[in-house]
A.B. asks: 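Before anything else, here's the structure in question.
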Amino acid sequence: MEIERKFIVKDLSKINLGIYEYKDITQDYLYKDNLTAVRKRKVVANNMTKYYYTIKTNKVNISVNEIERE
């Protein structure tokens with residue numbers, strides 16, 4: 001079970017984002033409806049590439065069941 005949260009950031013101008021590690025993430029949704037989402041994700045970090053396949057189901061308010069495989 002995962003709790004989905006989203007935040008709105010008003011101003012990033014005073015934060016030096018260059019000092020933080022980052023990941024390049026590319027994702028595509030293969031299927032999506034009101035109850036289910038299926039996606040594939042490519043994550044590149046530290047010169048390593050990984051792929052993930054994720055199924056999210058039973059979304060109720062802010063919680064959702066999530067199955068993820070590398």
Side-chain angles (χ1 to χ4, degrees):
M1 180 80 58
E2 173 184 74
I3 303 295
E4 299 252 336
R5 297 194 183 267
K6 296 178 183 179
F7 300 92
I8 297 175
V9 179
K10 294 181 181 178
D11 183 15
L12 290 176
S13 64
K14 297 177 183 168
I15 300 173
N16 180 6
L17 297 176
I19 65 171
Y20 298 99
E21 291 184 30
Y22 68 92
K23 300 175 184 177
D24 287 324
I25 299 174
T26 304
Q27 70 180 21
D28 295 305
Y29 283 89
L30 305 174
Y31 176 82
K32 189 171 182 179
D33 64 19
N34 291 338
L35 299 175
T36 306
V38 179
R39 75 168 180 239
K40 63 177 181 158
R41 181 180 278 176
K42 175 184 174 183
V43 179
V44 180
N46 301 322
N47 293 323
M48 293 181 58
T49 302
K50 293 185 178 184
Y51 296 90
Y52 298 92
Y53 180 78
T54 306
I55 301 171
K56 292 185 174 190
T57 60
N58 301 332
K59 185 172 183 179
V60 178
N61 297 323
I62 63 170
S63 67
V64 64
N65 288 326
E66 182 174 308
I67 301 166
E68 184 171 84
R69 299 284 184 253
E70 185 175 340

A.B. asks: Counting only heavy atoms from other residues, nucleotides and ligands, does the tally under 6.0 Å from OH of Tyr22 exceed 12?
C.D. replies: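 Open: at most 12 neighbouring heavy atoms sit under 6.0 Å from OH of Tyr22.
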A.B. asks: Exactly one of Ile55, Thr54, Val38 should register a side-chain contact (heavy atoms from CB on, under 4.5 Å) with Leu30. Which one does?
C.D. replies: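 With Leu30 as partner, side-chain contact (heavy atoms from CB on, under 4.5 Å) holds for just one option, Val38.
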A.B. asks: Does Ile8 have more than 12 heavy atoms from other residues, nucleotides or ligands lying within 6.0 Å of its CD1?
C.D. replies: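 For Ile8, atom CD1 is not crowded (no more than 12 foreign heavy atoms under 6.0 Å).
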A.B. asks: Using 0.5 Å steps for rounding, measure from the NZ atom of Lys42 to the OG1 atom of Thr26.
C.D. replies: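 Spacing of NZ (Lys42) from OG1 (Thr26) equals 6.0 Å.
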A.B. asks: Please give me the minimum heavy-atom distance between Tyr31 and Asp33, naming the atom from each residue.
C.D. replies: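 Closest approach of Tyr31 to Asp33, heavy atoms only: OH-OD2, 2.6 Å.
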A.B. asks: Are Ile15 and Phe7 joined in one hydrophobic group, where the rule is that I, L, V, M, F, W and Y side chains link up if heavy atoms are under 4.5 Å apart?
C.D. replies: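 As far as the 4.5 Å side-chain criterion goes, Phe7 and Ile15 are not connected within one cluster.
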A.B. asks: Nearest 0.5 angstrom please: Tyr51 OH to Lys40 NZ, how far?
C.D. replies: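 Reported value, rounded in 0.5 Å steps: 9.0 Å.
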A.B. asks: Rounded at 0.5 Å granularity, tell me how far CG in Asn58 sits from NZ in Lys56.
C.D. replies: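 If we round to the nearest 0.5 Å, Asn58:CG and Lys56:NZ are 13.0 Å apart.
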A.B. asks: Give a yes or no on whether Asn47 atom CG has more than 12 heavy-atom contacts from other residues, nucleotides or ligands under 6.0 Å away.
C.D. replies: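 It does not: Asn47 CG has 12 such atoms or fewer within range.
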A.B. asks: For Tyr52, does the OH atom sit with more than 12 other heavy atoms under 6.0 Å from it, leaving out its own atoms?
C.D. replies: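 Check passes, neighbour count above 12.
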A.B. asks: For Met48, does its backbone N or O pair with a side-chain atom of Asn46 as donor and acceptor, under 3.5 Å?
C.D. replies: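 Flag not set: sc Asn46 to bb Met48 has no pair under 3.5 Å.
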A.B. asks: Checking Glu66 against Glu68 for the side chain to side chain contact (heavy atoms under 4.5 Å, CB included) test, could you report, in this order, the C-alpha distance in whole Å, the side-chain angles of both residues, the deciding distance, and whether it holds?
C.D. replies: CA-CA 6 Å; Glu66 182 174 308; Glu68 184 171 84; 4.0 Å; yes
A.B. asks: Nearest 0.5 Å, please: how far is OG1 in Thr36 from CG in Asn65?
C.D. replies: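 Rounded to the nearest 0.5 Å, the CG-OG1 separation comes to 10.0 Å.
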